[in-house]
Amino acid sequence: MFVHNVYFWLKPDLADEQRAAFVAGVQSLTRIDAVRHGYVGVPAPTDRPIIDRSYDYALTIICDDPAKHDAYQVDPIHDRFRQQCEPFWDRVLIYDAVTPA
């Protein structure tokens, strides 16, 4: 299994329609054929010192294996999302994990 976690910090001055375009774009990534499961969320209202809630949106993509993740990365939906939505964020942080052999 390959788990792809992406955290987005959006620009603070986005118009409502830009934020809506980002949300629609990031949700489109969960429908790429190589994705087994996909989830888009916002920070949970948990409050402990070790929790980072500074991001605006989180994307978790689960693929069966690294090859499916590679296919996800070059899918036209993914390319369209990057092209259309990159102007909306200030920062992106990615954590990838695989099931140990």
Side-chain angles (χ1 to χ4, degrees):
M1 183 182 328
F2 193 106
V3 181
H4 179 64
N5 296 289
V6 186
Y7 298 88
F8 297 92
W9 285 260
L10 300 182
K11 292 182 178 178
D13 58 347
L14 289 183
D16 290 343
E17 51 277 355
Q18 291 172 309
R19 185 173 288 270
F22 171 83
V23 171
V26 75
Q27 288 174 337
S28 75
L29 299 175
T30 66
R31 296 186 291 277
I32 292 174
D33 286 340
V35 173
R36 176 178 284 230
H37 300 290
Y39 170 78
V40 175
V42 296
T46 49
D47 190 19
R48 296 190 313 269
I50 63 171
I51 296 175
D52 179 1
R53 293 181 7 207
S54 67
Y55 62 93
D56 294 295
Y57 284 89
L59 167 70
T60 299
I61 295 294
I62 299 174
C63 299
D64 290 333
D65 53 42
K68 292 278 189 178
H69 170 261
D70 293 347
Y72 160 84
Q73 288 293 333
V74 297
D75 189 282
I77 294 170
H78 189 264
D79 291 341
R80 186 175 333 114
F81 168 73
R82 280 196 323 253
Q83 291 167 358
Q84 293 177 350
C85 294
E86 186 174 16
F88 302 149
W89 62 71
D90 280 331
R91 180 178 179 211
V92 174
L93 187 59
I94 298 173
Y95 293 98
D96 288 336
V98 295
T99 307

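Values in this document were obtained by computation on a predicted structure and should not be read as measured data.
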- Query: What's the spacing between Asp70 CG and Asp75 CG if we round to 0.5 Å?
  - Reply: 12.5 Å
- Task: Report yes if the side chains of Asp90 and Pro12 come closer than 4.5 Å at any heavy-atom pair, otherwise no.
- Result: yes
- Task: May I ask you to decide if the ring planes of Tyr55 and Trp9 are parallel, tilted or perpendicular, using 30° and 60° as cut-offs?
- Result: perpendicular
- Message: Is any side-chain heavy atom of Gln27 closer than 4.5 Å to one of Tyr57?
- Response: no
- Query: Mind checking whether Val42 and Leu29 sit in one hydrophobic cluster, side chains of I, L, V, M, F, W, Y counted as touching below 4.5 Å?
  - Reply: yes
- Query: Just how far is it from atom OG of Ser28 to atom CD of Gln84, taken to the nearest 0.5 Å?
  - Reply: 8.5 Å
- Task: Using a strict 4.0 Å threshold on nitrogen-to-oxygen distance, state whether Arg82 and Asp79 make a salt bridge.
- Result: yes
- Got Ile32 and His78 here, is their nearest side-chain heavy-atom distance under 4.5 Å? yes
- Task: Would you indicate whether the side-chain heavy atoms of Asp65 and Lys68 approach each other to under 4.5 Å?
- Result: yes
- Between atom CG of Leu14 and atom CZ of Phe22, what is the distance when rounded to the nearest 0.5 Å? 9.0 Å
- Item | Asp33 atom CG, over 12 foreign heavy atoms within 6.0 Å | no
- Message: Quick check on the hydrophobic clustering: are Val40 and Val3 connected, directly or via other members, by side-chain heavy-atom contacts under 4.5 Å?
- Response: no
- Note on the structure: Ala71 and Ala34 have their tightest heavy-atom pair at CB-CB, 4.1 Å
- Item | Nearest heavy atoms of Gly38 and Ile61, plus distance in Å | CA-CD1, 4.2 Å
- Task: Go through the structure and list residues passing ring pair (Phe, Tyr, Trp, His ring centres under 6.0 Å) with Phe88, not counting sequence neighbours.
- Result: none
- Task: State whether the side chain of Asp56 and the backbone N or O of Leu10 hold a donor-acceptor pair below 3.5 Å, judged by distance alone.
- Result: yes
- Less than 4.5 Å apart, any side-chain heavy atom of His69 and any of Val98? no
- Message: Side-chain heavy atoms nearer than 4.5 Å, only ILVMFWY residues, links allowed to pass through others: does that put Phe2 and Leu93 together?
- Response: no
- Candidate pair Thr30 and Tyr39, rule side chain to side chain contact (heavy atoms under 4.5 Å, CB included), full reasoning: CA-CA 7 Å; Thr30 66; Tyr39 170 78; 6.0 Å; no
- Where does the angle between the aromatic ring planes of Trp89 and Phe8 fall among parallel (under 30°), tilted (30 to 60°) and perpendicular (over 60°)? tilted
- Hey, could you give me the CZ/CG distance between Arg36 and Asp64, rounded to the nearest 0.5 Å? 4.0 Å
- Task: Could you pull out the closest heavy-atom pair between Cys85 and Ala21, with the gap in Å?
- Result: SG-O, 3.9 Å
- Note on the structure: For Ile94 and His4 the tightest heavy-atom approach is CG2-CE1, 3.5 Å
- Message: Looking at every non-hydrogen atom in both residues, tell me the closest pair between Val35 and Tyr72 and how far apart they are.
- Response: CG2-CD1, 3.7 Å
- Does the side chain of Asp47 come within less than 4.5 Å of Arg53's, by heavy atoms? yes
